[in-house]
Amino acid sequence: MNDALALPVGTTLDRFIMRKQEDFPFASGELSQLLRDIALAAKIVSREISRADQDTVGTIGTQNVQGEDQQKLDVIANIRFIRALRNGGEVCTIVSEEDEDLIHTGNANAKYIVAMDPLDGSSNIDVNIPVGTIFGIYRRLTDGGQDGTLEDCLQKGTQQVAAGYILYGASTMLVYTTGCGVNGFTYEPSLGEFFLSHPDIKIPDKGRQYSCNEANVSNFPLGIQNYLAFCREQKYSSRYIGSLVADFHRNLLKGGIYFYPASDKNKTGKLRLLYECNPLAFIAEQAGGQATDGIERILDKTPVALHERCPLVIGSSEMIEKVRKYMTL
Ligand code: AHG
Ligand code: MN
Ligand code: MN
């Protein structure tokens with residue numbers, strides 16, 4: 001079902017969510033509220049990013065669970081999203097890149113789990129280059145009345161009920177799916193509203209752009225090295241900004257492929273399965289694209305740890321098929 005067909009460009013996000021809910025007579029409105037809570041946090045983080053002053057730019061002197069230096073905005077975004085989800089009341093437990101353990105909101109009866117990368121591309125914050133937020137939403141498996149458990153959080157990507165990202169770029173955009181196609185909304189700060197700007201996004205089946213950190217090429221698996229050689233032979237364009245959300249978004253709209261394979265430095269890849277790969281894989285597939293770790297479909301992977309990493313190859317369908325062939329040669 002594609003509800004966007006009935007709703008014109010310019011529809012507010014709130015109205016879009018409300019109309020979408022009406023398509024499901026037994027929907028209780030909890031997921032709708034959760035999406036609105038995410039949009040609220042996105043507006044606040046968008047404001048913080050555009051301030052770009054000494055309170056928001058620079059490192060904070062601490063490291064996250066991955067041993068990476070935390071930027072002030074990593075921490076600010078994490079706090080803002082957690083607060084919005086806690087206050088919204090629809091989420092029992094959160095997995096965040098910035099916290100080693102599960103974050104329990106105190107909403108023990110809430111149905112949903114959120115896995116999130118509150119600030120993606122944080123090395124780009126202090127140079128005024130687009131960054132993002134990525135989120136995946138799951139229904140809890142355990143009964144309410146208690147905090148969510150590890151089992152609730154380690155679900156396959158196929159179990160996501162919704163996923164999305166926010167791109168804080170020249171304009172701020174929210175792109176999300178609930179499994180009925182992908183829709184994009186652009187934020188109008190003077191009105192404080194997201195408006196439908198990109199209804200029913202479909203990724204072109206093929207493109208002429210590839211995105212990867214080519215400095216790592218000598219460490220890539222041979223199949224990926226050969227695919228890269230093919231891209232160069234074809235005179236494709238290399239486009240890599242180093243913010244996954246921004247690179248993914250460009251490829252989603254224009255056609256292209258993003259890959260962050262395993263390498264000697266990052267033996268299992270760099271990107272995180274729960275809150276980077278799975279949400280974007282859900283969006284890619286809903287837009288007609290594909291996402292794989294090179295061998296297995298991302299959404300079919302069974303997570304074993306909250307912060308596990310995996311190789312990611314994502315984008316236009318025909319380009320992914322080509323990589324798959326190179327990987328098996
Ligand atoms: P994060 O800022 O959330 O840690 O994510 C950074 C990720 C991703 O956004 C980007 O595509 C990738 O790291 C860039 O890695 P390299 O600098 O190794 O290319
Ligand atoms: Mn990230
Ligand atoms: Mn991050």
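Just so you know, ligand 1 is whichever comes first in the structure, and atom 1 is the first atom listed for that ligand. Computed over heavy atoms, backbone and side chain alike; hydrogens, waters and symmetry mates excluded.
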Item checked: Nearest non-hydrogen partners of Thr172 and Ser46, listed with the distance -> OG1-OG, 2.8 Å
Item checked: Nearest atoms (heavy-atom pairs only) where Ile17 meets Ser32 ->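 Taking Ile17 first and Ser32 second, the nearest heavy atoms are CG2-CB, 3.4 Å.
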Carboxylate-amine/guanidinium proximity below 4.0 Å for [X] and [Y]:
X: Arg272; Y: Glu68; result: yes
X: Glu151; Y: Arg140; result: no
X: Asp74; Y: Lys72; result: no
X: Glu90; Y: Lys111; result: no
X: Arg297; Y: Glu285; result: yes
X: Lys301; Y: Asp293; result: yes

Minimum-distance protein heavy atom relative to [atom]:
atom: atom 19 (O) of ligand 1; answer: Tyr240 OH, 2.5 Å
atom: atom 10 (C) of ligand 1; answer: Gly242 O, 3.2 Å
atom: atom 13 (O) of ligand 1; answer: Lys270 NZ, 2.9 Å
atom: atom 1 (P) of ligand 1; answer: Gly121 N, 3.7 Å

N, O or S atom of [X] closer to the Mn ion (ligand 3) than 2.8 Å:
X: Asp117; answer: yes
X: Asp74; answer: no
X: Leu119; answer: yes

Notebook entry, point to check: Testing Val57, Leu73, Thr59 for side-chain contact (heavy atoms from CB on, under 4.5 Å) with Asp126, which one passes?
Noted result: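 The residue from Val57, Leu73, Thr59 that satisfies side-chain contact (heavy atoms from CB on, under 4.5 Å) with Asp126 turns out to be Val57.
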Next item on the list: Applying side-chain contact (heavy atoms from CB on, under 4.5 Å) between Ile166 and each of Tyr176, Phe185, Phe81, report the one that passes.
Entry: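 Single side-chain contact (heavy atoms from CB on, under 4.5 Å) partner of Ile166 among Tyr176, Phe185, Phe81: Phe81.
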Note to self: Looking at Phe230, I'd like to know if the NZ or CZ of Lys322 sits under 6.0 Å from its six-membered ring centre while staying within 45 degrees of the ring's axis.
What the structure shows: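 Verdict for Phe230: a cation-pi partner in Lys322.
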Next item on the list: Quick one: pull up CZ in Phe194 and NZ in Lys43 and give me the separation to the nearest 0.5 Å.
Entry: 6.5 Å
Margin query: So, taking the atom named CG in Leu271 and the one named CG in Asn278, what distance separates them when rounded to the nearest 0.5 Å?
Written below: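 One gets 12.0 Å once the value is rounded to the nearest 0.5 Å.
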Where ligand 1 meets [X] - atom numbers and elements under 4.0 angstrom, heavy-atom basis:
X: Arg272; result: 1 (P), 3 (O), 4 (O), 5 (O)
X: Asn213; result: 16 (P), 18 (O), 19 (O)
X: Ser243; result: 9 (O)
X: Glu276; result: 3 (O), 5 (O)
X: Leu244; result: 8 (C), 9 (O), 10 (C), 11 (O)
X: Asp117; result: 3 (O)
X: Glu68; result: 4 (O)
X: Leu119; result: 2 (O), 3 (O)

Note to self: Tell me the nearest of Tyr258, Phe248, Tyr260 to atom 11 (O) of ligand 1, using heavy-atom distances.
What the structure shows: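 Heavy atom nearest to atom 11 (O) of ligand 1 belongs to Tyr258.
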Examine the proximity of ligand 1 to [X] and report which part, side chain or backbone, both or neither, has a heavy atom under 4.0 Å away.
X: Asp247; result: neither
X: Ser122; result: both
X: Asp120; result: both
X: Tyr275; result: neither

Item checked: Shortest-distance N/O/S atom, Asp120 versus the Mn ion (ligand 2) -> OD1
Checklist line | Which atom of Glu276 approaches the Mn ion (ligand 2) most closely (N/O/S) | finding: OE2
Note to self: Is it the case that ligand 1 has an N or O less than 3.5 angstrom from some N or O of Asn216?
What the structure shows: no
Checklist line | Test ring-ring contact (aromatic ring centres under 6.0 Å, His included) applied to Tyr112 and Tyr138, step by step | finding: CA-CA 6 Å; Tyr112 292 102; Tyr138 298 81; over 10 Å; no
